[in-house]
2 protein chains.
Amino acid sequence: MTKHSISIKDIAEATGLSITTVSRVLSGKAKQYRIGKQSQEKVREAAQKLHYVPNHFAANLRTGRSGTLALIIPSLNNPFFAGIASEINTELRKFNYITIISDSDENVETEKMELLQLTARNIEGLIIVPCGDQWQHIREIQDQGIPVVCIDRYFEDLDIPYVSTDNYEGAYKATRHLIENGHSRITCIQGVQTSTPNRLRVNGFTDAMKEAGFDSENIAGDDFTFQNGYLETKLLLQQKVRPTAIFTLSNTIAMGCVKALKEEQINVPNEISLITFDDHPYLDYLSTPLSCIAQPVSDISKIAVKFLLSKIQNKDISTSQVLLKPSMKLRDSIRKIN
Amino acid sequence: MTKHSISIKDIAEATGLSITTVSRVLSGKAKQYRIGKQSQEKVREAAQKLHYVPNHFAANLRTGRSGTLALIIPSLNNPFFAGIASEINTELRKFNYITIISDSDENVETEKMELLQLTARNIEGLIIVPCGDQWQHIREIQDQGIPVVCIDRYFEDLDIPYVSTDNYEGAYKATRHLIENGHSRITCIQGVQTSTPNRLRVNGFTDAMKEAGFDSENIAGDDFTFQNGYLETKLLLQQKVRPTAIFTLSNTIAMGCVKALKEEQINVPNEISLITFDDHPYLDYLSTPLSCIAQPVSDISKIAVKFLLSKIQNKDISTSQVLLKPSMKLRDSIRKIN
DNA sequence: GCGAAATGCACAAACGTTTGTGCTTTGTTT
DNA sequence: AAACAAAGCACAAACGTTTGTGCATTTCGC
C-alpha cells in the first residue's frame with residue numbers, strides 16, 4: 001500500500017529541519033556536528049512515526065561502504081560447510097553486517113562468476129572456502145583492497161590470510177591411532193589432490209605410515225564427494241588383499257565409503273576399521289558410530305570473522321595465517337588387531 | 001591497486017560516446033534506443049578492456065530494482081533447510097538474482113530484525129520458512145508490494161502464497177502404515193504446536209488412529225528440536241506400558257529419539273518401530289535405516305521460485321497456494337507384529 | 001531532389017544519501 | 001560593550017546509474 005517509501009526528505013519536512021540535519025542525527029553523527037538535543041529528539045520521533053527505513057543503496061552509493069560481506073562455500077548441502085555458514089552468518093550479524101552466502105557448487109567457474117557478481121555489490125570483505133587450486137581471481141579481490149580470508153581450504157606460500165585446521169597433524173594422529181591398534185594395511189581415500197588440505201592430510205598419512213615402516217602408497221580417490229568414496233571403496237573391496245583399515249579424508253567420502261561397505265556386507269569394525277576427517281552429529285548414530293578427526297568449526301569461523309573485521313577496520317594488511325588443532329573423537333569404528 | 005573502480009563515464013571517455021549511450025548498450029537497451037552496431041561494439045570492447053564492473057548501488061538507486069531476493073530459514077544447520085537454501089540459491093542464480101540467506105535461528109524476534117534489514121536493502125521478493133505463528137510482519141512486507149512466498153511452514157486462511165507438503169496426508173499415510181503392520185500403541189512426538197504443518201500432521205495421525213479405533217491421544221513434545229526428541233523419548237521409555245511404535249514429526253526430533261533409544265538400548269525395530277517425517281541421505285546408514293515420509297524438497301523449492309518470479313514480473317497478486325504429495329520411503333525401522 | 005520517416009546519439013534530471021563548508025545565532029570573556 | 005568562540009543548522013555537490021526527450025543526420029519513397 002505504501003506507495004512511496006519515505007525518505008529523510010519526508011522527515012525533514014515533517015520536522016521543519018533540513019535534510020542534512022536529519023541525516024546527521026539518523027547516522028549517529030549528531031554529536032560530531034553539534035545538533036541540538038531537541039532537534040535530535042524531533043528527528044528520531046518523526047522517523048519512528050513515519051516508519052522510516054534507510055535506503056542502503058543511496059547511502060552506499062555515497063559512502064562506498066555497503067555493510068555487506070560475502071561468504072563463498074563449495075556446497076550448502078555439505079553439513080560441514082553449512083555449519084560454517086550458519087556460524088559466520090550469525091557472528092557477522094552481531095556486527096551489523098549482512099552476509100551474502102554463495103554456493104560455488106565445487107565449480108571454479110561458478111566461483112568466479114559469483115565473485116564478479118559480488119564485487120558489483122561492493123562487498124566490503126570476503127570469506128571463502130576456495131573450491132579449486134586457482135587463486136588468481138581471489139588474489140585480485142584482495143588487490144582491489146577488499147579484505148579476504150580463506151577458511152578450511154587455502155593456499156600456501158600466498159599472502160592471502162587463512163584459518164584452517166592443522167590438517168597434517170590430524171591425518172598423522174588418525175593414522176597413528178590405526179597403527180597403534182595393530183593396523184598396517186591402511187588405505188587412504190583422498191579428495192581433490194591439488195587442494196592444500198588434501199595434500200597435507202596425505203602427507204600426514206604417508207609420514208605416519210613410513211615412520212612405522214608400512215606401505216604408504218595406498219592412496220585412492222580424487223574428489224571430496226560421496227561418489228568418490230563409494231566407487232573407490234567398491235574397487236578396494238575387489239582387490240585380493242583387502243586393507244584392514246580405511247582412512248577417508250572427508251565426511252562426504254566417508255558416507256560413500258559406508259554405503260559401499262554396507263552393500264558388500266562388510267562389518268565395521270570387525271572386518272574393516274574406519275576413521276574419517278570431519279565430524280557430524282549423525283556419525284554417532286550410524287550402524288557403527290564413526291571415529292573421526294573433528295575440526296574446530298566454531299573456532300575457525302569466529303577467528304575468520306575476527307580477522308576479516310580487523311582488516312576492514314584497521315586496513316591492516318598484515319597477513320594472518322592460523323592453523324587450529326583438530327581433535328580425535330573415538331567411537332566404535334576401529335578394531336584392535338594383534 | 002585499482003585506485004578508483006571504473007564507471008561508464010570512463011568508458012564514455014574512452015570511446016568518445018556519451019554516458020547515455022554507454023549505459024544503454026551495457027544494459028541491453030541498445031536496440032530499443034537504436035544505438036548503431038559500431039558504437040555497440042566499441043562500448044563492449046572498452047568495457048571488456050577496462051574491466052568494467054557495473055555498480056549495482058547506483059543502478060538500483062535509480063531503478064529501485066535491486067536484483068536481490070531474500071530467503072529466511074529457521075536454521076542452516078538443519079539439513080532439511082540447508083537443502084532448500086541450496087536449491088533456491090542455485091535456482092535463482094539462473095535468473096540473475098542474488099539471494100541473501102538469513103538464518104532466523106528459530107527466533108521470531110530475529111526473524112523480524114532480519115526482515116527489517118532486508119527491506120532496507122530493497123529486496124524484490126522474499127521466500128520464507130516462518131519460524132513462529134506470527135505473520136503480521138510478513139504480511140506487512142507483502143502489503144508493501146514485495147512478493148512473498150512461504151515454504152514448508154505457512155499460514156492457513158491468509159492470502160500469503162505458500163508451497164508445502166501435504167502434511168496431513170503424509171502423517172496419515174505414515175500412521176496407516178504402522179497400523180497395517182499391527183501397531184496400535186503409537187506415540188507421536190510433535191514439534192511446535194502452533195505451526196500449521198505440525199497441526200496438520202497431528203491431525204493426520206489422530207484421524208488414522210481414530211479410524212482404526214485406537215487411542216489417538218498419545219502425543220508428546222512441543223518443539224522441532226533434537227532435545228525435544230531426546231527428552232520425550234526418554235520420558236516415554238519410563239512409562240509402564242511402552243508404545244510399540246513412535247512417529248516423529250521431523251528429522252531433528254527423530255535424531256533425538258534415536259539417541260535416547262540407543263542410550264536405553266532399545267532395538268529398532270524389534271522392540272520399538274520408528275518412522276519420521278523428513279528424509280535425509282544419512283538415514284540410510286543409521287544403525288537401523290529409518291523409514292520416513294519424504295518431502296519433495298527440490299520441487300517445493302522450484303515451485304516457490306517460480307511463484308515468486310512470476311509475481312515479480314507480472315505483479316500478479318493472485319494468491320497461489322500449493323501442497324505437494326509426500327512419498328513414503330520404507331527402510332528397516334518398522335517391524336510387523338501380529 | 002523534396003518531404004517524411006527512420007536512425008543515431010547527447011542533455012540533463014532524478015534516485016536518496018553523506019559531507020565539506022559556511023552562515024547565523026547564542027554565549028563567554030575581557 | 002566589543003571581540004571572539006561555540007553551538008546549531010542549511011546549501012549544494014557528489015556518488016554512478018537510468019531514462020524521457022529532443023536535436024541532428026541519414027535513408028527512402030516518389
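In what follows, every chain begins at residue 1, and chains take the letters A, B, ... in the order their sequences are listed.
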Tell me whether B:K112 is salt-bridged to B:E109, with the criterion being a basic N under 4.0 Å from an acidic carboxylate O.
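Salt bridge present between B:K112 and B:E109.
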
May I ask you to evaluate whether B:K29 reaches the phosphate of D:dT19, defined as a side-chain N or O under 4.0 Å from OP1 or OP2?
yes

Closer than 4.0 Å, any side-chain N/O of A:Y52 to the OP1 or OP2 of C:dT17?
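For A:Y52, the contact criterion (side-chain N or O under 4.0 Å from OP1 or OP2 of C:dT17) is met.
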
Rounding to a whole Å, what distance do you find between [X]:[atom1] and [N]:[atom2]?
X: A:R65; N: C:dG16; atom1: CZ; atom2: P; result: 21 Å
X: B:I11; N: D:dT17; atom1: CD1; atom2: P; result: 8 Å
X: B:L61; N: D:dT19; atom1: CG; atom2: P; result: 12 Å
X: A:Q38; N: D:dG8; atom1: CD; atom2: P; result: 10 Å
X: B:K9; N: D:dA14; atom1: NZ; atom2: C1'; result: 10 Å
X: B:I8; N: D:dT19; atom1: CD1; atom2: P; result: 11 Å
X: B:N55; N: D:dA14; atom1: CG; atom2: C1'; result: 13 Å
X: B:N60; N: C:dG16; atom1: CG; atom2: C1'; result: 13 Å

For [X] and [Y], work out which heavy atoms get closest and say how close.
X: B:F155; Y: B:G132; value: CE2-O, 3.8 Å
X: B:L309; Y: B:L92; value: CD2-CD2, 4.3 Å
X: A:I141; Y: A:V148; value: CG2-CG2, 3.8 Å
X: A:S320; Y: A:K311; value: OG-NZ, 3.4 Å

If I take atom OG from residue B:S7 and atom CD from residue B:E13, how far apart are they, to the nearest 0.5 angstrom?
8.0 Å

Check whether the side chain of A:T20 and the base of C:dT19 form a donor-acceptor pair under 3.5 Å.
yes

Sugar-phosphate only, base, or nothing, as touched by B:T63 at under 4.0 Å among non-hydrogen atoms
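Sugar-phosphate contact only - B:T63 comes under 4.0 Å of backbone atoms but never of a base.
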
Please assess A:I128 against A:E111 for the test side-chain contact (heavy atoms from CB on, under 4.5 Å), listing each intermediate value before the final yes or no.
CA-CA 10 Å; A:I128 182 171; A:E111 187 179 291; 3.9 Å; yes

Below 3.5 Å is the cut-off: list the nitrogen or oxygen pairs between protein and nucleotides 7-9 of chain C, distance only.
{"residue": "C:dG8", "atom": "N7", "partner": "B:R34", "partner atom": "NE", "Å": "3.3"}
{"residue": "C:dG8", "atom": "N7", "partner": "B:R34", "partner atom": "NH2", "Å": "3.0"}
{"residue": "C:dG8", "atom": "O6", "partner": "B:R34", "partner atom": "NH2", "Å": "3.2"}
{"residue": "C:dC9", "atom": "OP1", "partner": "B:S39", "partner atom": "OG", "Å": "2.5"}
{"residue": "C:dC9", "atom": "OP2", "partner": "B:G36", "partner atom": "N", "Å": "2.6"}
{"residue": "C:dC9", "atom": "OP2", "partner": "B:S39", "partner atom": "OG", "Å": "3.1"}

Would you mind telling me which residue lines up with the more 5' stretch of DNA chain C, B:A58 or B:V22, judged by nearest nucleotide?
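Taking each residue's closest nucleotide, the earlier one in sequence belongs to B:V22.
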
